[in-house]
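Notes for the one structure printed next.
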Amino acid sequence: MASAPSKLYSGLSLALSTIFFFFKVVEGLDSVIADDVSLVVVLLDTNPFFWTTSSFPFSHFLSHVLAFLNAILTLNQLNQVVIIATGCNSCDYVYDSSKTANQSFGNGRMPTLCATLLQNLEEFMTKDEKLGIEEAEERITGSLLSGSLSMALCYIQRVFRSGSLHPQPRILCLQGSPDGPEQYVAIMNAIFSAQRSMVPIDSCYIGVQNSAFLQQASYITGGVHHKPQQLDGLFQYLLTIFATDLHSRSFLQLPKPVGVDFRASCFCHKNTIDMGYICSVCLSIFCTRHKKCSTCGSTFGQAQSDDASATNRKRKAPDS
């Protein structure tokens with residue numbers, strides 16, 4: 001028969017083992033949340049000006065995206081997906097998996113993701129079309145990418161401030177519309193904000209010509225940019241390139257940036273330029289010479305003439 005000290009010793013050993021196991025579980029949960037769990041904020045291009053002229057129907061595009069998002073949520077039960085619709089007049093949240101995790105639709109035959117997303121997407125496109133009719137005089141054929149990037153970063157900042165245990169966030173831009181040079185400043189500000197917050201911006205461009213904005217966004221933030229050659233296999237591209245979490249990317253050979261277009265857009269006419277004039281105070285870019293900076297109000301000095309520049313070069317030339 002065991003004595004009282006031996007019983008006390010065995011009880012303490014059991015308690016210490018339980019406490020040790022608890023801390024190991026918490027430590028493992030912390031590593032899982034830090035490494036394997038992802039928060040994917042998808043920016044979905046719904047611009048009707050692009051989809052009505054594209055050879056790839058929007059319905060086929062959406063079916064590929066839905067399959068990809070289901071795969072993301074299946075890879076890890078703690079993964080989260082947020083979808084922001086990007087129209088030509090507005091942008092809005094159309095799906096958040098954290099809010100629909102405990103909901104079911106009807107008798108359960110239709111997944112909650114498809115049902116909620118399709119319903120909210122239809123409402124958004126109707127509202128965005130009405131805004132386009134009201135603002136017909138200043139119609140813009142490009143998508144409001146700057147607005148959706150800002151909304152994605154705001155959502156991610158709320159996740160950062162929710163606590164120390166949070167999924168690893170990243171942004172995925174599914175874009176088909178051409179770049180809008182009038183959004184250059186806003187998009188670059190969003191890109192640098194994402195870089196400072198260490199949030200990679202992945203981009204999959206399905207338009208005809210490649211996007212300089214998305215190339216720069218992925219290059220600066222350390223994301224992946226890819227332009228699929230065959231849109232019929234879009235799901236395979238999305239799954240093999242953009243479904244991997246940030247921890248697993250260090251073990252994979254993902255597409256590398258090749259020939260990134262770093263051209264900027266001028267502040268005066270919003271045109272993409274190769275050479276221009278830069279304000280030395282606020283770094284604003286202009287395609288033609290101005291007497292005064294329209295951004296900060298600085299007065300520019302007189303440019304040297306060609307004769308004066310040639311004279312200065314002769315003076316600085318060493319004697320032969």
Side-chain angles (χ1 to χ4, degrees), residues 43 45 47-50 53-54 86-91 131-132 135-153 171 173 175-196 201 203-221 223 225 227 257-313 316:
L43 309 186
D45 189 2
N47 185 4
F49 295 100
F50 167 74
T53 59
S54 175
T86 309
C88 54
N89 302 291
S90 62
C91 48
L131 291 175
E135 302 175 1
E137 296 181 357
E138 299 179 357
R139 177 170 294 181
I140 299 175
T141 58
S143 297
L144 200 60
L145 180 60
S146 58
S148 57
L149 277 175
S150 301
M151 293 180 66
L153 291 173
I171 299 174
C173 299
Q175 190 80 3
S177 303
D179 293 337
E182 67 280 351
Q183 303 182 63
Y184 173 76
V185 179
I187 290 178
M188 293 306 299
N189 288 337
I191 292 173
F192 291 131
S193 297
Q195 181 192 33
R196 185 170 183 177
I201 299 178
S203 55
C204 179
Y205 190 73
I206 59 177
V208 178
Q209 296 180 350
N210 214 335
S211 170
F213 289 167
L214 294 182
Q215 285 182 344
Q216 296 181 37
S218 299
Y219 181 83
I220 293 174
T221 60
H225 174 80
K227 186 179 183 303
V258 178
V260 180
D261 189 357
F262 288 105
R263 290 184 300 172
S265 297
C266 65
F267 286 34
C268 47
H269 301 95
K270 311 301 181 184
N271 295 326
T272 303
I273 58 175
D274 297 318
M275 298 181 63
Y277 298 85
I278 301 179
C279 175
S280 59
V281 177
C282 65
L283 302 181
S284 297
I285 304 172
F286 305 97
C287 58
T288 58
R289 189 180 182 280
H290 295 262
K291 295 181 179 180
K292 187 177 182 180
C293 178
S294 59
T295 304
C296 64
S298 300
T299 303
F300 298 143
Q302 295 293 331
Q304 289 184 337
S305 61
D306 296 338
D307 296 339
S309 300
T311 303
N312 292 336
R313 285 197 297 268
K316 294 180 181 179

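Only this structure's heavy atoms are used, side chains among them; waters, hydrogens and symmetry mates stay out.
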Fill in the blank from the handout: With sequence neighbours left out, the residues meeting side chain to side chain donor-acceptor pair (under 3.5 Å) with S284 are T295
Fill in the blank from the handout: d(I206 CD1, S177 OG) to nearest 0.5 Å is 8.5 Å
Problem - Partners meeting side chain to side chain donor-acceptor pair (under 3.5 Å) with N189 (sequence neighbours left out) - result: none
Handout entry: C287 SG to D274 CG distance, which is reported to the nearest 0.5 Å
Key = 12.0 Å
Fill in the blank from the handout: Contacts of S148 meeting side chain to side chain donor-acceptor pair (under 3.5 Å) (sequence neighbours excluded), chain-then-number -> T86
Handout entry: By side-chain contact (heavy atoms from CB on, under 4.5 Å) - contacts of V281 (at least two apart)
Key = C279, C296, S298
Problem - Set of residues satisfying side chain to side chain donor-acceptor pair (under 3.5 Å) with respect to S146, sequence neighbours excluded - result: Q183
Practice task
Using the side-chain hydrogen bond (donor to acceptor under 3.5 Å, both in side chains) rule, collect all pairs that involve residues 203-214, keeping only residues at least two apart or in two chains.
Solution key: D179-S211, S203-S218, S203-H225, N210-H225
Exercise for the section: Identify, with sequence neighbours excluded, every residue that meets ring-ring contact (aromatic ring centres under 6.0 Å, His included) alongside F50. Expected result: none
Practice task
Output all residues satisfying side-chain contact (heavy atoms from CB on, under 4.5 Å) with T221, sequence neighbours left out; order by chain, then residue number.
Solution key: I191, A194, Q195, I201
Exercise for the section: Not counting sequence neighbours, which residues clear ring-ring contact (aromatic ring centres under 6.0 Å, His included) with Y277? List them please. Expected result: none
Practice task
Quick one: list whatever passes side-chain contact (heavy atoms from CB on, under 4.5 Å) with A152, sequence neighbours left out.
Solution key: V41, L43, I84, I171
